[in-house]
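Following: one structure in structure tokens, then a few remarks.
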Amino acid sequence: MGGTGPQDKGPAHRFAQAGHTVVLDSRSAERAESAATESVRRAGDAVRVSGADNATAAE
């Protein structure tokens, strides 16, 4: 799990490239989904990155 800020997106991107499933979380589900889409765009469709609001991501 990682946040959508610059300090969080970098490590999350690297974990995804290494084959881990990553959930980006934010107070805003839309912001998290947008960051996840950006990560997939950067790394390719093979990465597993999704976005969710904080409460949903913690489940």
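Nothing fancy with the numbering, it's 1 onward along the sequence.
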Rounded to the nearest 0.5 Å, how far apart are CZ of Arg42 and CD of Gln17?
-> 7.5 Å

Kindly give the heavy-atom pair with the smallest separation between Val49 and Ala16, and that separation in Å.
-> CG2-CB, 3.5 Å

With side-chain contact (heavy atoms from CB on, under 4.5 Å) as the test, would you mind laying out the steps for Arg27 and Asn54 before giving the verdict?
-> CA-CA 6 Å; Arg27 290 182 300 270; Asn54 292 333; 3.6 Å; yes

Closest approach of Ala52 to Ala57 (non-hydrogen atoms, all atoms of both residues) = CB-N, 4.0 Å

Could I get the full list of side chain to side chain donor-acceptor pair (under 3.5 Å) partners for Arg31, not counting sequence neighbours?
-> Ser26

Side chain to side chain donor-acceptor pair (under 3.5 Å) partners for Thr37, two or more places apart | none

Who passes side chain to side chain donor-acceptor pair (under 3.5 Å) against Ser34, sequence neighbours left out?
-> none

CG on Asp53 to CD on Glu33, rounded to 0.5 Å = 9.0 Å

